[in-house]
Amino acid sequence: KDVPYNWEVMYMSGAPDCIEKDHIIGINGRFPGPPINARVGDNVVVYLTNKLHDEGVVIHWHGIRQLETPWADGTASISQCPIKPGETFKYNFTVDKAGTYFYHGHLGMQRSAGLYGMLIVDVEEGKKEPFHYDGEFSLLLSDWWHKGIEEQEKDLDATPMRWIGEAQSLLINGRGQYSCTLTVPANSKNSKGVPGCKFTGKEQCAPNILDVEPGKTYRLRVASTTALASLNVAIESHNMMMVEADGNYLQPFIVKDFDIYSGESYSVIINTHELSTHNYWISVGVRGRDPTKTARGFALLHYKSTGVSKRPKHPPPATPLWNDYARSKSFTYKLFALPGSPKPPPNYDHRIFLLNTQNYFEGKTRWAINNVSLKLTDTPYLGSIKFGLTNAFDQISPPETFIDTYDITKPPPNPNCRVSSGVYNLNFGKTYDVILQNANIIQDGVSEIHPWHLHGHDFWVLGYGDGMFSEKDEGKLNLENPPLRNTVVIFPHGWTAIRFMTDNPGVWAFHCHIEPHLHMGMGVIFAEGVHLVQNIPKEALSCGLTGEMLMSQNHN
Ligand SMILES: O=C1O[C@H]([C@@H](O)CO)C(O)=C1O
């Protein structure tokens with residue numbers, strides 16, 4: 001069945017965190033964009049019209065593997081040409097796996113400007129999930145800056161770089177509070193002098209309300225599309241059962257709170273209290289970076305058995321200490337696949353080591369992988385590789401490993417890196433391991449969190465560790481019940497090992513999902529089986545060298 005959508009991407013103004021901002025990118029006048037709701041086997045058809053006037057646009061369907069439709073992955077310069085102002089592009093892809101997904105812009109830093117929304121895929125009619133629930137809610141989490149992305153991009157590209165700093169607020173379904181706080185009553189102030197929020201409920205920045213009945217079971221679908229922040233989610237006085245990650249079922253386990261990194265999604269099951277005359281806070285706070293500048297995000301769990309305006313009796317749950325990495329690791333290490341999930345092949349055919357470092361290139365701060373910082377070109381790789389246009393990008397592939405004497409506990413000995421548009425040419429139909437190795441940044445004694453997202457595939461997360469990956473870690477890899485995901489974190493000064501199969505012809509980005517980090521080159525391009533790709537629409541190719549190729553074909 002076709003599920004059609006007609007969308008116009010446009011600039012809007014608004015006050016998602018109670019502070020007015022121009023240049024928010026919305027869809028059909030909405031921020032966040034409208035949700036997509038489909039069922040397994042459906043064909044999602046989005047006619048996307050660019051109404052931005054002076055810049056291109058694309059939308060990436062995060063977590064959808066795009067089997068046989070690699071040109072619909074929505075990555076500018078990789079899978080397609082940016083949609084030109086005034087033009088319409090037809091995204092057309094099958095959703096083959098139930099789960100919690102989302103979509104977002106994938107050109108420059110347009111995601112940060114607000115171009116995102118939920119994408120929910122339900123099981124086929126008549127089929128059941130491996131867990132029960134009476135109702136469901138979606139929480140799309142994001143972080144918010146008052147500066148526009150144009151300025152942010154200029155700052156990041158400056159010599160020396162001007163860092164964007166921490167977000168001003170966290171948003172839940174596009175709602176946060178910067179100029180007031182929900183944690184104290186409306187007629188008082190908190191210890192920092194921030195007044196309590198006065199809402200009628202109609203304000204754009206009034207918190208999201210989840211209306212629940214006592215004694216029921218709910219599924220919360222939570223996705224993070226933050227530009228920078230790693231988050232922790234908690235609900236006062238309600239345990240949560242983790243059941244799904246990135247569209248794959250988990251071995252269920254119960255938590256009081258959970259961490260979520262940019263690019264990840266989870267479903268959690270909550271049971272509401274049998275009797276309640278209270279409402280409860282849902283709170284979202286920052287992990288892994290200094291949280292003091294970023295206002296927490298809140299939503300309200302409203303029991304229909306009581307008034308919606310009744311303040312929760314207790315303050316919102318506290319966010320764990322931001323740099324308690326041991327706590328974050330202990331949560332992450334508990335994620336396993338539900339028994340019966342697909343298992344990884346026992347052996348790999350190829351293994352690639354990717355060292356993550358912060359570097360300089362011509363005095364500008366960049367992130368590099370094996371000392372190569374990614375710079376995309378104008379011609380989308382999918383077309384240039386398919387049609388053999390070797391002038392389109394750097395034909396030298398980046399290295400598949402790094403020197404084994406590299407000291408990841410210290411700043412790079414030579415901070416300068418190379419900038420390249422080269423791709424990794426993966427052999428088709430093979431099993432690949434990638435060992436993501438984190439390292440120290442340019443500043444002494446600091447290593448940062450990076451959530452890595454792979455397009456076009458799910459991968460098995462075989463393991464994590466502190467320090468440098470070595471042979472002795474081999475035996476620790478989990479080949480029994482590793483979770484399948486599309487995004488995984490590397491912890492500071494640590495490594496993460498993943499395994500996937502090159503079974504999806506196309507050109508796929510694998511990158512840090514932190515928006516400014518990708519902007520600064522923190523990603524790689526995997527090309528696999530491109531000769532097998534059929535029917536790339538002309539509109540996806542109408543720029544750069546593929547554009548010229550099409551023009552000359554028209555003349556002949
Ligand atoms: O890319 C980054 O740059 C800054 C800092 O390393 C330099 O100011 C930061 O926190 C990042 O994540």
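What's counted below: heavy atoms across the whole structure, side chains too, no hydrogens, waters or symmetry copies. Just follow the structure's listing: the first ligand is 1, and inside any ligand the first atom is 1.
- Remark: ligand 1 atoms within the under-4.0 Å shell around heavy atoms of M161 are 3 (O).
- For atom 2 (C) of ligand 1, the closest heavy atom belonging to the protein is W163 CZ3, 3.3 Å.
- The protein atom (non-hydrogen) at minimum distance from atom 10 (O) of ligand 1 is R289 NH2, 2.6 Å.
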Mind running ring-ring contact (aromatic ring centres under 6.0 Å, His included) on H455 and H457 for me, showing each step along the way?
CA-CA 6 Å; H455 291 234; H457 306 77; 9.8 Å; no
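- Close to ligand 1: Q358, with a non-hydrogen atom less than 4.0 angstrom away.
- Between D143 and R289 there is no salt bridge, since no side-chain N of the basic residue sits under 4.0 Å from a carboxylate O of the acidic one.
- Neither the backbone nor the side chain of Q443 comes within contact range of ligand 1; no heavy atom lies under 4.0 Å.
- Here I441 has side-chain heavy atoms under 4.0 Å from ligand 1, and that is the only part of it that gets that close.
- The two residues V489 and I449 make their nearest non-hydrogen contact at CG2-CG2, 3.6 Å.
- Closest heavy-atom approach to atom 9 (C) of ligand 1 within the set E448, H517, R162: this belongs to E448.
- When only modelled atom types and interatomic distance are considered, N486 and H453 share a side-chain donor-acceptor pair under 3.5 Å.
- Side chains of E448 and Q358: no donor on one and acceptor on the other come within 3.5 Å.
- Of the possible donor and acceptor atoms, one in the side chain of D473 sits under 3.5 Å from a partner among the backbone N and O of S470.
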